[in-house]
Q: 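Structure incoming, see below.
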Amino acid sequence: MYNYYLLIFIYIVNTSSGSPRVLKYELNPGCGKVCDERNSTTFHLRAEGSNDTLHYLWDFVGNPSVLLAVTSKTAKLNIDWDKYLTRQPKSINFTEDPFYTFGVTIQKIIEFNDLNDKGSIDNINDSNINILNPVYFNWTRKSKKQSNGFVELDMSGHNYVDPELNISRAGEIEIILNGFCTLEHSDVVPHMLHSENSTQVDFIINHFRGNSSFEKSRFGLELMIVSVGDPSSTMMIDTKKSLDDEYTPGIFETVEMKTPELNTERKKSESGYLQWRPVSYLSSHRDVTSSTETIHYNLVNCSNIYNNSLLYAFYGDESNNLLINKINVTIGSSGDGFYKKTNYATWTFLVGYGNPPGEQFSYLVILIISIGVGLPLLIMSIAAIYTCIRRLPRREASRLINT
Ligand SMILES: *[C@@H]1O[C@H](CO)[C@@H](O)[C@H](O)[C@H]1NC(C)=O
Ligand SMILES: *[C@@H]1O[C@H](CO)[C@@H](O)[C@H](O)[C@H]1NC(C)=O
Ligand SMILES: *[C@@H]1O[C@H](CO)[C@@H](O)[C@H](O)[C@H]1NC(C)=O
Ligand SMILES: *[C@@H]1O[C@H](CO)[C@@H](O)[C@H](O)[C@H]1NC(C)=O
Ligand SMILES: *[C@@H]1O[C@H](CO)[C@@H](O)[C@H](O)[C@H]1NC(C)=O
Ligand SMILES: *[C@@H]1O[C@H](CO)[C@@H](O)[C@H](O)[C@H]1NC(C)=O
């Protein structure tokens with residue numbers, strides 16, 4: 001049992017360092033009537049720490065985006081709304097230059113006809129692929145709430161109408177964003193381990209109508225990822241395996257995409273990351289029995305930012321000191337019955353600053369280790385005491401036992 005206390009002690013020491021950040025949010029900061037009339041959503045979340053502030057911008061004016069900026073405590077966000085709503089570059093800035101910024105945009109929603117049930121979009125020809133532009137959804141707020149440990153924004157994209165191709169689609173895409181101030185596992189399966197340094201993006205395809213000429217539809221996303229840094233450096237993807245699936249039943253892998261570490265005046269290494277578990281749930285109960293896999297593809301270099309999102313409004317046309325990559329992720333694997341089986345699919349990922357937090361041993365594992373190591377130790381000690389006592393002369397032994 002000695003190990004047990006030692007591990008618990010280490011755990012407490014690990015998690016109790018530093019005071020928690022304070023979460024504050026504002027909807028459409030400084031916009032007023034114009035945004036109310038347009039029903040537009042630009043959500044500004046601040047996680048204020050003792051030395052710096054983490055700003056998260058969740059935006060649905062352009063393609064759904066998350067921008068993360070680390071600034072001094074005094075820096076303020078500044079949006080020139082007239083310019084921003086007409087999609088002009090550099091219409092968003094901070095009153096002081098941020099120490100580090102990192103952003104992600106959902107660039108495309110991809111639908112493909114997986115004729116040979118391979119699960120992958122590789123080798124699918126263009127006529128079996130449809131590209132949906134997230135900006136053609138009507139994005140409305142379902143809810144926003146704040147509690148002690150987190151802030152949540154629930155967005156619904158519906159009434160998809162693509163004026164270029166004259167295509168409309170019924171059904172919904174839901175995106176639930178969460179910001180936190182503690183190191184904890186999310187309540188929502190796959191129970192990602194989040195901290196104050198990350199935003200969780202829960203992407204749900206909820207009875208969104210597929211292409212009726214596609215018999216074997218699957219969906220996917222194209223993300224664009226932007227970080228300050230050397231354009232010739234590379235982002236990296238790493239798949240970590242674990243022995244423990246307590247938090248995400250049946251899933252023993254975590255995929256991490258990290259930006260290269262950047263030397264800045266303030267810190268030796270600034271970086272950002274995406275993190276997810278390669279799983280998609282096919283019903284809102286999120287059981288392991290109705291789940292399938294997700295697949296990610298290679299990172300692709302980009303030379304500039306598309307002008308359809310908040311990232312363009314913030315970074316502008318310049319790309320000399322930006323590292324810009326795209327990545328595709330698709331949902332589904334061979335034999336899962338395709339999207340049409342349930343007409344529902346999820347994908348959950350974290351957008352974070354710094355290094356992704358490492359999984360602590362769970363209490364269950366600690367208990368198992370303690371029993372595994374502690375119990376034999378205990379038995380050995382008892383056995384040792386017993387033999388010692390037996391070896392003593394009889395009178396001595398009974399005296400020992402009686403006292
Ligand atoms: C805040 O800054 C001080 C001095 O620069 C440093 O000693 C301290 O560790 C920092 N605290 C945090 C939480 O980063
Ligand atoms: C369905 O896919 C076909 C072939 O790619 C395309 O021509 C058509 O516009 C799509 N229909 C819808 C509703 O997306
Ligand atoms: C604005 O959004 C709300 C839901 O948040 C919706 O009920 C309402 O119809 C929307 N208004 C317009 C003009 O789109
Ligand atoms: C767009 O599609 C609808 C039916 O899907 C059709 O009635 C309409 O004429 C089309 N408009 C154009 C400009 O092609
Ligand atoms: C991106 O481009 C840089 C230099 O232009 C190159 O070193 C790097 O390998 C490329 N990365 C990928 C993923 O293609
Ligand atoms: C959050 O990031 C800061 C700065 O990189 C780091 O000091 C802190 O330990 C991180 N918090 C967690 C829980 O990882």
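For ligands, and for the atoms within them, numbers begin at 1 and follow the listed sequence. Bear in mind the structure is a predicted one, so any value in this text is a computation, not a measurement.
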Q: Below 4.0 Å from any atom of ligand 2, is there a heavy atom belonging to Arg169?
A: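 True for this residue.
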Q: Ignoring angles and geometry beyond distance, decide whether Asn128 reaches within less than 3.5 Å of ligand 2 through its nitrogen or oxygen atoms.
A: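 Between Asn128 and ligand 2 (N or O atoms, distance only) the closest approach is not under 3.5 Å.
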Q: Would you confirm whether the ring centroid of Trp139 sits within less than 6.0 angstrom of the ring centroid of Phe60?
A: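 Centroid distance Phe60-Trp139: below 6.0 Å, so yes.
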Q: Quick one: which ligand 2 atoms are inside 4.0 Å of a heavy atom on Ser213?
A: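 Those of ligand 2 that fall under 4.0 Å from Ser213 are 1 (C), 2 (O).
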Q: I'd like to check which ligand 2 atoms, numbered from 1 as shown, lie under 4.0 Å from a non-hydrogen atom of Phe214.
A: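 Near Phe214, meaning under 4.0 Å from one of its heavy atoms, ligand 2 has 2 (O).
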Q: I need the single residue from Phe219, Tyr136, Phe208 that forms a side chain to side chain contact (heavy atoms under 4.5 Å, CB included) with Ile109. Which is it?
A: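 Answer to the side chain to side chain contact (heavy atoms under 4.5 Å, CB included) test with Ile109 among Phe219, Tyr136, Phe208: Phe219.
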Q: Are any of the protein's heavy atoms under 4.0 angstrom from atom 11 (N) of ligand 2, yes or no?
A: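 Under the 4.0 Å cut-off, atom 11 (N) of ligand 2 does have protein heavy-atom neighbours.
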Q: Considering distance alone, does some N or O of Ser195 sit under 3.5 Å from an N or O of ligand 6?
A: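 By distance alone, the answer is no.
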Q: Does a side-chain N-to-carboxylate-O contact under 4.0 Å join Glu96 and Lys73?
A: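 Not counted as a salt bridge, because no side-chain N and carboxylate O are separated by less than 4.0 Å.
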Q: Suppose we call two aromatic rings close when their centres sit under 6.0 Å apart. Are Tyr306 and Tyr312 close by that rule?
A: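 For Tyr306 and Tyr312, the ring centres are not under 6.0 Å apart.
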Q: Which residue owns the protein heavy atom closest to atom 9 (O) of ligand 2, what's the atom, and how far is it?
A: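 Among all protein heavy atoms, the one nearest atom 9 (O) of ligand 2 is Ile167 CD1, 3.4 Å.
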Q: Quick check: closest heavy atoms across Thr387 and Ala384, and the distance to 0.1 Å?
A: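 Here Thr387 and Ala384 meet closest at OG1-O, 3.0 Å.
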Q: Within ligand 6, which atoms have a heavy atom of Lys267 less than 4.0 Å away?
A: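 Once the distances to Lys267 are compared, the set is 4 (C), 5 (O).
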Q: Centres of the Trp58 and Tyr56 rings: under 6.0 Å?
A: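 That pair fails the under 6.0 Å test.
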Q: For Asn211, counting its heavy atoms only, list the atoms of ligand 2 lying under 4.0 Å from any of them.
A: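 Near Asn211, meaning under 4.0 Å from one of its heavy atoms, ligand 2 has 1 (C), 2 (O), 3 (C), 8 (C), 10 (C), 11 (N), 12 (C), 14 (O).
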Q: Measure from atom 14 (O) of ligand 6 to every heavy atom in Asn197, Thr182, Asn51 and give the option owning the shortest one.
A: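 Of the listed residues, Asn197 has the closest heavy atom.
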Q: Any nitrogen or oxygen of Ser127 lying under 3.5 Å from a nitrogen or oxygen in ligand 2? Just yes or no.
A: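 Yes, at least one N or O pair falls under 3.5 Å.
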Q: Would you say the rings of His55 and Phe94 are close, in the sense that their centroids are separated by under 6.0 Å?
A: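 Judged by ring-centre distance (under 6.0 Å), Phe94 and His55 do meet the cut-off.
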Q: Are Arg277 and Thr248 linked by a side-chain donor-acceptor pair shorter than 3.5 Å?
A: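 The answer is yes; a qualifying pair exists.
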Q: With respect to Asn130, determine whether any N or O atom, backbone or side chain, lies less than 3.5 Å from an N or O atom of ligand 2.
A: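 Right, the criterion is met.
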